Structures are given as structure tokens and as C-alpha cells.
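Computed over heavy atoms, backbone and side chain alike; hydrogens, waters and symmetry mates excluded. Here the structure is a predicted model, which is why all the values come from computation and not from measurement.
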Amino acid sequence: MEKRIKTYSIGDVSHASGVSVRMLRHYDEIGLLPAFVRDNGYRAYGQEDLERLQEILGYRAMEFGLAEIKIMLDGGSDRLARLISQRAALTGKLAGLEHVLETLEDAIDCARKGYKMRIEDLYKPFSPQKQAEYEDWLISTYGKEMANVIATSKAAI
């Protein structure tokens, strides 16, 4: 007896994930989320594809570019390791955003009271050291290819 694998149409995946059909086709074209083509010519996705899309959406929420995401997903680590790493990155990002929010609250408080913030308080959460820590973490987690992606990103600024 032949074992059938449950598959989902591009429309099913689009509806469930909130990703447009057009974007799913783009992900397929660039090799980020390759679909397989059924006998009728329509794209279809299996469970592993759905899980990969979940990771893609997580990385997109963290503002990674598609090229960076592809490197991370194709880098050889397993799904569990990537998910744990993604959670750690989000936890770090949340902590950083909490510092930004605290600084914003301080700025609002000073503005309401007519005070000026000290220069060292204005830019506390945006330090070059913090940026370097994020970059080091990315490189140690995703390998030397990520260093090239970071360098390319900086050169585009």
C-alpha cells in the first residue's frame, strides 16, 4: 500500500499563514521555500515546507532579509537548533527594545518637564558596542557567511 503525504495547495498555505500567493511564488522562485509541482501543474507544500515557512516568518519579523534567511535555513543546522537560536535572538531583541522604551519614556518625561537629557542618556540603548554584540552573535550562530551579509548590508548604508 502506498503511503500518501498530506500536501497543501498554495492557496491553503497563503490563507493559513497570511502570506500572499504572490510572495509564496517569489519565495519559490528564489529557492527560499521551494514548492513541488503536482501533476496538474499547481504548487503544493508538505509539512516540512510549512515548518520552514514558519521559520521564514519568524526571521522576517526580526527584520532579516531574504538572503540572510536563506543562508540561515540552508546552513546545515537542524530545525530545533534554529528555533532555539531564534528564540534567543528574539529574547535579546526584546531586552534591547525595553531599553529603547525606557529611554523614550525618559525623553517624554524630560520634554514634559522642560528638562534636557544628558548626552550619555540620549543614546544609551543605541551603543556601537551593543551593535557589535548582535553582529558577533549572528556570526557565531550562523557562520562566516553571515559576516559577508553584514558587511554587504553596512556597505549599502
Side-chain angles (χ1 to χ4, degrees), residues 1-105 123-157:
M1 183 173 187
E2 183 180 323
K3 183 179 178 182
R4 292 190 165 249
I5 298 172
K6 174 105 173 113
T7 61
Y8 302 87
S9 72
I10 194 168
D12 293 337
V13 174
S14 174
H15 180 74
S17 67
V19 177
S20 71
V21 168
R22 182 176 178 193
M23 186 58 69
L24 290 170
R25 286 187 182 121
H26 177 67
Y27 288 171
D28 186 11
E29 289 167 9
I30 65 172
L32 182 60
L33 183 67
F36 65 92
V37 180
R38 292 179 175 159
D39 293 339
N40 62 7
Y42 292 112
R43 287 177 172 87
Y45 301 89
Q47 183 65 33
E48 288 182 10
D49 302 317
L50 301 179
E51 292 170 357
R52 185 172 172 105
L53 179 59
Q54 179 195 38
E55 289 184 73
I56 292 167
L57 295 177
Y59 287 124
R60 292 294 292 151
M62 295 167 56
E63 300 179 356
F64 283 100
L66 297 180
E68 295 167 306
I69 295 169
K70 185 164 179 11
I71 290 168
M72 290 183 278
L73 294 178
D74 295 342
S77 61
D78 69 352
R79 176 172 162 76
L80 178 59
R82 288 191 309 267
L83 291 171
I84 291 169
S85 180
Q86 194 177 65
R87 179 183 62 194
L90 274 173
T91 301
K93 189 169 189 157
L94 281 172
L97 288 174
E98 286 174 359
H99 292 300
V100 172
L101 186 57
E102 289 170 12
T103 301
L104 182 59
E105 291 293 340
Y123 310 110
K124 224 186 280 187
F126 311 110
S127 72
Q129 294 84 5
K130 193 51 117 174
Q131 180 63 33
E133 287 175 24
Y134 291 141
E135 291 172 7
D136 289 344
W137 175 84
L138 284 169
I139 293 166
S140 67
T141 303
Y142 299 108
K144 293 180 183 179
E145 283 293 319
M146 186 53 69
N148 296 336
V149 172
I150 291 168
T152 301
S153 182
K154 284 182 175 181
I157 295 176

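Looking at heavy atoms from C-beta onward, F36 lies out of side-chain contact with R43 at the 4.5 angstrom threshold. At least one side-chain heavy atom of L66 sits less than 4.5 Å from a side-chain heavy atom of H26. Taking the side chain as every heavy atom from C-beta outward, Y42 and V37 never approach each other to under 4.5 Å. Residues P34 and D28 form a side-chain contact, since some pair of their non-hydrogen atoms from C-beta on lies under 4.5 Å apart. Side chains of R60 and M23 form no contact here, defined as non-hydrogen atoms less than 4.5 Å apart. Taking the side chain as every heavy atom from C-beta outward, I84 and L80 approach each other to under 4.5 Å. By the 4.5 Å heavy-atom criterion applied to side chains, Y59 and E68 are not counted as neighbours. Side-chain atoms of L53 and V13, non-hydrogen and from C-beta on, do get closer than 4.5 Å to each other.
Between the side chain of D74 and the backbone N or O of I71 there is no donor-acceptor pair closer than 3.5 Å. One N or O on the side chain of T91 and one on the backbone of R87 form a donor-acceptor pair closer than 3.5 Å. Q86 places a side-chain N or O within 3.5 Å of a backbone atom of E55 that can act as its donor or acceptor partner. For R52 (side chain) and L32 (main-chain N/O), a donor-acceptor pair under 3.5 Å exists by modelled atom type. A donor-acceptor contact shorter than 3.5 Å links the side chain of K93 to the backbone of M62.
Interatomic distance, OH of Y8 versus CD of Q47, reported as 5.5 Å (0.5 Å rounding). Note that the CD1 atom of I30 and the NZ atom of K70 stand 8.0 Å from one another [nearest 0.5 Å]. From E98, atom CD reaches atom OG1 of T103 across 12.0 Å, with rounding to the nearest 0.5 Å. Atom OH of residue Y27 and atom CG of residue D49 lie 14.0 Å apart, to the nearest 0.5 angstrom. H99 contributes atom NE2, which lies 6.0 Å from atom CD of E102 (distance to the nearest 0.5 angstrom). Rounding to the nearest 0.5 angstrom, the gap separating the CG atom in L33 from the CD1 atom in I56 is 4.5 Å.
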Worked check of side-chain contact (heavy atoms from CB on, under 4.5 Å) between S14 and V19: CA-CA 5 Å; S14 174; V19 177; 5.7 Å; no
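Side-chain atoms of Q54 and R79 include a donor-acceptor pair closer than 3.5 Å. Judged by distance alone, the side chains of T7 and R38 do bring a donor and an acceptor atom under 3.5 Å apart.
Annotation: N40, atom CG; neighbour count of heavy atoms from other residues, nucleotides and ligands within 6.0 Å is above 12.
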